[in-house]
Undergrad: 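Quick one: the structure is below, questions incoming.
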Number of protein chains: 2
Amino acid sequence: MPKCIQNSLSDQVYTMLKDQILSGQLKGGMKIPEESLAEQFGVSRTPIREAIRRLAEYGLVTIKPRSHATVSVITEQEANDIARVRVTLEQLAIDSIDETSYSRNVKELSRYAADCQYAMGIGDRATVFEQDSLFHLALVRSSGNSALISICERLDAKIQQLRIAQNLPEDELSYYLGQHAQMMTLLKNGDKEACKRLLYEHITHDLTSHVGSLDA
Amino acid sequence: MPKCIQNSLSDQVYTMLKDQILSGQLKGGMKIPEESLAEQFGVSRTPIREAIRRLAEYGLVTIKPRSHATVSVITEQEANDIARVRVTLEQLAIDSIDETSYSRNVKELSRYAADCQYAMGIGDRATVFEQDSLFHLALVRSSGNSALISICERLDAKIQQLRIAQNLPEDELSYYLGQHAQMMTLLKNGDKEACKRLLYEHITHDLTSHVGSLDA
DNA sequence: GTATTGTGTACTGTATACAATATAGATATC
DNA sequence: GATATCTATATTGTATACAGTACACAATAC
């Protein structure tokens with residue numbers, strides 16, 4: 001269910017392409033010529049170009065000048081690098097949260113955590129990942145730091161791509177999702193240090209072991 | 001002196017517009033209609049559009065749908081937020097640097113530090129800021145973390161805008177520039193903690209006091 | 001059989017043309 | 001005189017057309 005905020009064709013195409021990439025419909029390494037996409041979406045090349053270029057800024061596609069754009073592939077090294085940065089950024093978010101901003105967001109956070117668990121229960125992985133993203137973004141938003149928020153929102157697409165590529169087994173995924181609620185408890189109790197340690201485990205857990213076959 | 005890596009018109013326009021914004025020639029809040037830019041640069045609207053959209057991704061211009069794009073203005077809050085994130089990211093870079101990667105980059109770093117000081121001596125503020133940026137980016141690159149590097153490179157444009165807006169008095173600027181060499185000494189001695197503390201001061205020094213008159 | 005060059009095709013990069021919408025100014029109304 | 005509404009214009013959003021380049025395949029030379 002693609003959610004198009006703007007109604008310009010560029011934005012619609014952008015959202016749909018992003019969804020197709022993150023859902024794995026468009027796999028890493030695949031060529032995406034502008035003309036065939038234009039045909040597929042029933043629009044001209046102009047909005048396609050703008051969408052592709054935006055996706056390139058987010059690292060989801062790679063543009064080779066005067067040649068095709070391709071869907072980006074994530075390497076193991078890149079996955080580790082992103083995780084490391086992510087931990088650092090979200091730990092900063094935790095440090096920046098004060099009680100009032102937390103209480104303002106606690107309801108939203110717990111809803112995402114719950115929805116995530118529920119989706120896990122019925123085996124709906126797509127929703128699990130979506131709600132997981134929303135939880136972490138809401139956490140970052142609670143920091144109130146606009147620069148931090150925009151960086152994390154930008155990084156989110158890559159993280160989603162990573163989550164899917166990681167392909168964690170059910171039991172592990174379920175275990176790590178439970179940490180959302182734990183983190184909230186720690187935050188409520190004001191124990192930021194413990195929360196940051198848990199976040200570290202939450203994000204960097206046996207990261208490298210499951211990555212692979214992105215361009216199957 | 002704009003340095004155009006790619007030779008496509010889009011890239012050239014992008015670089016030139018960026019330079020004009022960072023040099024203050026295009027001031028915050030100014031409208032930038034596509035057509036007049038196209039005339040000014042002697043190209044069609046297409047490459048102009050792509051450049052503007054790219055600048056928007058970097059936060060240097062703000063696009064209001066179906067209306068003019070304007071040069072973004074930095075608020076005091078935003079400046080603080082960016083500084084906070086920047087400290088965190090560059091501290092992560094310092095943590096990630098190992099001896100081999102440092103020794104590979106030490107020459108480059110000291111050159112930037114020296115050039116920065118020299119430019120300060122002859123009162124060439126534009127070069128000071130340029131070399132300052134290069135120093136910090138080289139530091140981040142030494143980390144070898146691709147995700148971190150790309151985030152910092154992306155943030156760099158905003159930081160440059162900020163540096164100019166800050167408009168630090170000569171003596172203070174000169175003082176803080178001296179810290180580049182100090183940080184390198186600490187790194188060489190392996191005292192990362194001290195280096196990170198110094199970096200914190202280096203970046204967050206009386207930040208809010210000088211910001212203002214961006215759209216003079 | 002392999003390497004090299006030539007040619008055609010397909011795709012991108014850019015320009016131009018048209019459609020749709022927002023802004024500003026003028027007119028009308030209270 | 002102030003406010004609201006209408007109209008004209010300017011500017012964006014999108015489509016299309018053309019030019020130039022890169023890639024793939026074939027033909028030739030070694």
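Order of the sequence lines fixes the chain letters, A, B, ..., with proteins taken first and strands second; residue numbering starts at 1 for each chain.
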Undergrad: Would you name the heavy atoms of Ser133(A) and Asp156(A) that are closest together and state the gap between them?
TA: OG-OD1, 2.6 Å

Undergrad: Tell me the interatomic distance from Glu34(A), atom CD, to dA15(D), atom C1', rounded to whole angstroms.
TA: 14 Å

Undergrad: Using whole Å, report how far NZ of Lys31(A) lies from P of dA10(C).
TA: 13 Å

Undergrad: Does Thr46(A) get its side chain close enough to the base of dA15(D), under 3.5 Å, for a donor-acceptor pair?
TA: yes

Undergrad: Atom CD of Glu50(A) and atom C1' of dT14(D): how far apart are they, to the nearest Å?
TA: 9 Å

Undergrad: From C-beta outward on Ser44(A), which listed nucleotide comes closest to its side chain: dA24(C), dT21(D), dA15(D)?
TA: dA15(D)

Undergrad: Charged N to carboxylate O below 4.0 Å: is that the case for Arg49(B) and Glu50(A)?
TA: yes

Undergrad: Could you give the CZ-to-P distance, from Arg53(B) to dT14(D), as a whole number of Å?
TA: 8 Å

Undergrad: In whole Å, I'd like the distance from the CG atom of Asn7(B) to the P atom of dT12(C).
TA: 17 Å

Undergrad: Walk me through it: do Met183(B) and Leu139(B) pass the test side-chain contact (heavy atoms from CB on, under 4.5 Å)?
TA: CA-CA 10 Å; Met183(B) 284 168 54; Leu139(B) 185 75; 4.1 Å; yes

Undergrad: Tell me whether the side-chain N/O atoms of Arg45(A) come closer than 4.0 Å to OP1 or OP2 in dT16(D).
TA: no

Undergrad: Taking for each residue the nucleotide of DNA chain D bearing the nearest heavy atom, is the 5' side occupied by Lys64(A) or by Ile32(B)?
TA: Ile32(B)

Undergrad: Among dT21(D), dT12(D), dA15(D), which nucleotide sits nearest the side chain of Val43(A)?
TA: dA15(D)

Undergrad: Can you figure out which of dA24(C), dT14(D), dC11(C) approaches the side chain of Leu9(A) most closely?
TA: dT14(D)

Undergrad: In whole angstrom, what separates Ile48(A)'s CD1 from dC11(C)'s C1'?
TA: 14 Å

Undergrad: Are any of Ser10(B)'s side-chain N or O atoms less than 4.0 Å away from OP1 or OP2 of dG13(C)?
TA: no

Undergrad: Nearest whole Å is fine: how far is dT12(C) C1' from Asp11(B) CG?
TA: 13 Å

Undergrad: With a cut-off of less than 4.0 Å, is there a side-chain N or O of Arg66(B) near OP1 or OP2 of dT11(D)?
TA: no

Undergrad: Please report, rounded to the nearest Å, how far the C1' atom of dT16(C) is from the CD atom of Glu39(B).
TA: 14 Å

Undergrad: So which heavy atom on Ile151(B) is nearest to which on Leu89(B), and how close?
TA: CG2-CD1, 3.8 Å

Undergrad: Taking the nucleotide of DNA chain D with the closest heavy atom to each, which residue, His68(A) or Gly42(A), is nearer the 5' end?
TA: Gly42(A)

Undergrad: Are a donor atom and an acceptor atom from the side chains of Ser72(A) and Thr62(A) found within less than 3.5 Å of each other?
TA: yes

